[in-house]
**Student:** 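Take this structure, written in structure tokens, and hold onto it; I'll ask about it next.
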Amino acid sequence: MADKAASPEKKSWADVEEEEEAKAKATAAAEAAAAAAAASSSSSITEPAVEEQAKQIEALSLAPSVDDAAGEEGPPLLDDSDDSQIQAVISGGTVYESATTFEDLKLSPELLKGLHDEMGFSRPSKIQAITLPMILTPPYKDLVAQAHNGSGKTTCFVLGMLSRVDPQRKIPQAICICPTRELAQQNKAVLMRMGKFTGITCACAIPPAQKDYMPISKMAPITDQIVIGTSGTLIKWITHKKLATRDIKILVFDEADHMLAEDGFRSDSERMMRDIQRSAGGCQVLLFSATFNDRVKDFVTKVIRDGNQIFVKKEELTLEKVKQYKVQVPDESAKIEVIRDKIFEFGQKVGQVIIFVRTKQSTKNVHNALTREDYVCSSIQGSLDQSEREKIIQEFKDGYTKVLISTDVLARGFDQAQVNLVINYDMPIKFGTRDEPDYEVYLHRIGRAGRFGRKGAVFNLLCGQTDNVVMKKIEDYFQHSVPEVRNWQREEDFEAALKDAGLL
DNA sequence: AAAAAAG
């Protein structure tokens, strides 16, 4: 309680790094909106005390989510003292105390040690404070939770899995499904660090590299308590009885909107859910993502009927600290020129860069075009052999390569704090359309910069009329106007943009 | 016109 009053700057995991300007103010405001959404989405408020709390939360949502410099009029800035008014969030008639500290959550000493000593987290982030009690309190209701990119969702479900697993029993008790192998591996790495002192083990269910191929019949049954993987391999392990599902207590869908989208992994996900629910009975389902479009949200709320729900309005979803820009270029070769001669000039000084392209072939083309003796670039896409994918990711995470060209394989979830510049070489388009943006992919891509409230910049390279139509639709959708870099040939214009973003 | 996973 005492530290609550004396915390003008929010000491959470956002500031593990040295940046003191990463005060996570934007995150706090945005997450309050999440809490408000949670309160308003619950229809059955009965207890008066609860109702009052819900009103407080609702009131918070009226505060602007803009911080400094935005210059918009309106009520005063939502800061941490207001923020601390959030004590409980209710949903479906169950009351949950929001957690102020990890200690409030009655986590095991081993887990607390992992959080503090290994991860360096001092306090839960907002989404963690709200969802962890929901995840960890009986009757272990299902949960669908939306929160901003880089706000700490992974910790929510990793802690959930680690807490609900019995370390003494050497059988699978928790499963996490991810859309890409990279994300599965990353989540496993986080879980292993956080659970370092628990003795809990974890298997990664992704296809092996060519050189490690082994027929499934020769594979030993899984004895790890937790399995994290991609849908195809998980299903394969289950159908070949290498992964027993009867003791699964918790099933997590990371990037859940994509895992449940019709043009995503819905059929695989439904099959997993059906099989596990059938063999394990009442297993808790957790759905996490930064995005849930109306279509998916509609479907999800039908699937998770009796669960807790937290949603964020799409207008409040863009990260304040990640400045977006558009750059008009005459043709494709100008895109290369801009990246090489303008953006790299400054971008390289600043941190790491991810360049998103639409097709696998483009990763190679752009890679070749950008390769010069003084720039170390690498590129990744899903057709590479697994060992190659791992090597490229490792080199990037180690900071050996500064510029990574990627398809949307890395659009979601990929977490590298040093990435503060994202370039949309191609704009994300819904498959089968010419000028219909994929809003969710756009948001996820730009979320690769600005992890945990850090500053970042995005350059959208626009060439031709359809690109402009797409950009305009994106601005309208998120109700966020994107300024233009005036002249693609002027280095000073890019310098100004990066300065404005706080990167220079 | 096609990212992603996997058979």
Side-chain angles (χ1 to χ4, degrees), chain A residues 175-188 204-210 212-217 219 227-240 242-243 253-273 275 289 291 293 296 332 354-367 379-390 392-393 404-414 422 424-448 464 466-467 470:
Chain A
I175 292 177
C176 173
I177 313 177
C178 312
T180 64
R181 304 172 191 183
E182 283 70 23
L183 199 44
Q185 290 171 312
Q186 179 180 283
N187 287 338
K188 182 192 167 177
C204 195
I206 63 172
Q210 220 113 70
D212 298 324
Y213 174 80
M214 186 210 291
I216 181 95
S217 56
M219 178 183 159
V227 181
I228 303 178
T230 49
S231 59
T233 303
L234 282 167
I235 288 172
K236 187 174 177 180
W237 287 10
I238 291 171
T239 51
H240 286 82
K242 303 300 181 185
L243 171 53
F253 290 87
D254 195 8
E255 307 297 341
D257 63 322
H258 191 231
M259 299 311 294
L260 291 170
E262 263 180 311
D263 61 347
F265 293 90
R266 180 180 291 183
S267 54
D268 283 353
S269 297
E270 284 185 312
R271 182 172 166 190
M272 290 280 300
M273 236 186 272
D275 288 2
S289 184
T291 53
N293 69 32
V296 185
E332 289 286 308
I354 299 182
I355 302 171
F356 283 107
V357 296
R358 196 173 57 87
T359 64
K360 294 173 182 176
Q361 185 56 47
S362 299
T363 61
K364 294 167 191 165
N365 298 345
V366 174
H367 188 160
S379 57
I380 186 167
Q381 38 90 1
S383 305
L384 299 178
D385 183 74
Q386 185 54 26
S387 55
E388 193 66 15
R389 288 169 72 154
E390 284 171 19
I392 288 156
I393 292 294
L404 182 54
I405 301 144
S406 175
T407 60
D408 284 327
V409 67
L410 293 189
R412 286 171 172 263
F414 183 69
V422 165
N424 281 323
Y425 187 95
D426 300 310
M427 295 300 284
I429 302 293
K430 277 206 189 88
F431 179 70
T433 73
R434 203 172 59 91
D435 57 6
E436 193 51 31
D438 192 322
Y439 302 105
E440 286 70 40
V441 168
Y442 180 80
L443 202 79
H444 284 281
R445 280 183 180 186
I446 70 176
R448 295 320 97 208
T466 52
D467 278 354
V470 167

**Student:** Need one value for A/R434: base, sugar-phosphate or nothing, where a base atom within 4.0 Å counts as base even if backbone is also close, heavy atoms only.
**Tutor:**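 If one applies the 4.0 Å heavy-atom cut-off, A/R434 turns out to touch nothing in the nucleic acid.
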
**Student:** Along DNA chain B, 5' to 3', what are the outermost nucleotides having an atom less than 4.0 Å from a heavy atom of chain A?
**Tutor:**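 Both ends considered, the range comes out as B/dA1 to B/dG7.
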
**Student:** Contact class for A/G264 vs. all strands (heavy atom < 4.0 Å): base, sugar-phosphate, or nothing?
**Tutor:**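 A/G264: no heavy atom of the nucleic acid under 4.0 Å.
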
**Student:** For DNA chain B, find the residues of residues 436-443 of chain A with a heavy-atom distance under 4.0 Å and give them by number; none if there aren't any.
**Tutor:**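 The stretch gives none, as no residue of it lies under 4.0 Å from the strand.
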
**Student:** Suppose we screen for side chain to side chain contact (heavy atoms under 4.5 Å, CB included). Which residues come up paired with A/T180, at least two apart in sequence or across chains?
**Tutor:**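 Side chain to side chain contact (heavy atoms under 4.5 Å, CB included) check on A/T180 returns A/E182, A/L183, A/V409.
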
**Student:** Between the side chains of A/S289 and A/H258, is a donor N or O closer than 3.5 angstrom to an acceptor N or O?
**Tutor:**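 A/H258 and A/S289 do not have a side-chain donor-acceptor pair below 3.5 Å.
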
**Student:** Please identify which of these residues, A/D408, A/V366, A/T363, A/I405, meets the side chain to side chain contact (heavy atoms under 4.5 Å, CB included) condition with A/F356.
**Tutor:**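 Of A/D408, A/V366, A/T363, A/I405, side chain to side chain contact (heavy atoms under 4.5 Å, CB included) with A/F356 is met by A/D408 alone.
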
**Student:** How far does CZ of A/R412 sit from CG of A/L443, to the nearest 0.5 angstrom?
**Tutor:**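 Those atoms lie 9.5 Å apart.
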
**Student:** Answer whether the closest heavy-atom distance between the side chains of A/K430 and A/Y439 falls below 4.5 Å.
**Tutor:**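 Yes, their side chains come closer than 4.5 Å.
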
**Student:** With a non-hydrogen cut-off below 4.0 angstrom, is A/R271 in contact with a base, only sugar-phosphate, or nothing?
**Tutor:**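 Since no nucleic acid heavy atom lies under 4.0 Å of A/R271, the category is nothing.
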
**Student:** Can you name the side chain to side chain contact (heavy atoms under 4.5 Å, CB included) partners of A/R271, sequence neighbours left out?
**Tutor:**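 Once residues adjacent in sequence are excluded, the partners of A/R271 under the side chain to side chain contact (heavy atoms under 4.5 Å, CB included) criterion are A/I235, A/T239, A/R274, A/D275.
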
**Student:** If the condition is side-chain hydrogen bond (donor to acceptor under 3.5 Å, both in side chains), which residues does A/K360 pass it with, not counting sequence neighbours?
**Tutor:**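 Only A/S383 meet the side-chain hydrogen bond (donor to acceptor under 3.5 Å, both in side chains) criterion with A/K360.
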
**Student:** By the 4.0 Å heavy-atom rule, please label A/S231 as base, sugar-phosphate, or nothing.
**Tutor:**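 Answer is nothing: A/S231 stays at 4.0 Å or more from every strand.
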
**Student:** What residues, two or more places apart in sequence or in another chain, satisfy side chain to side chain contact (heavy atoms under 4.5 Å, CB included) together with A/P208?
**Tutor:**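 With sequence neighbours excluded, A/P208 shows a side chain to side chain contact (heavy atoms under 4.5 Å, CB included) to A/D212, given in chain and number order.
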
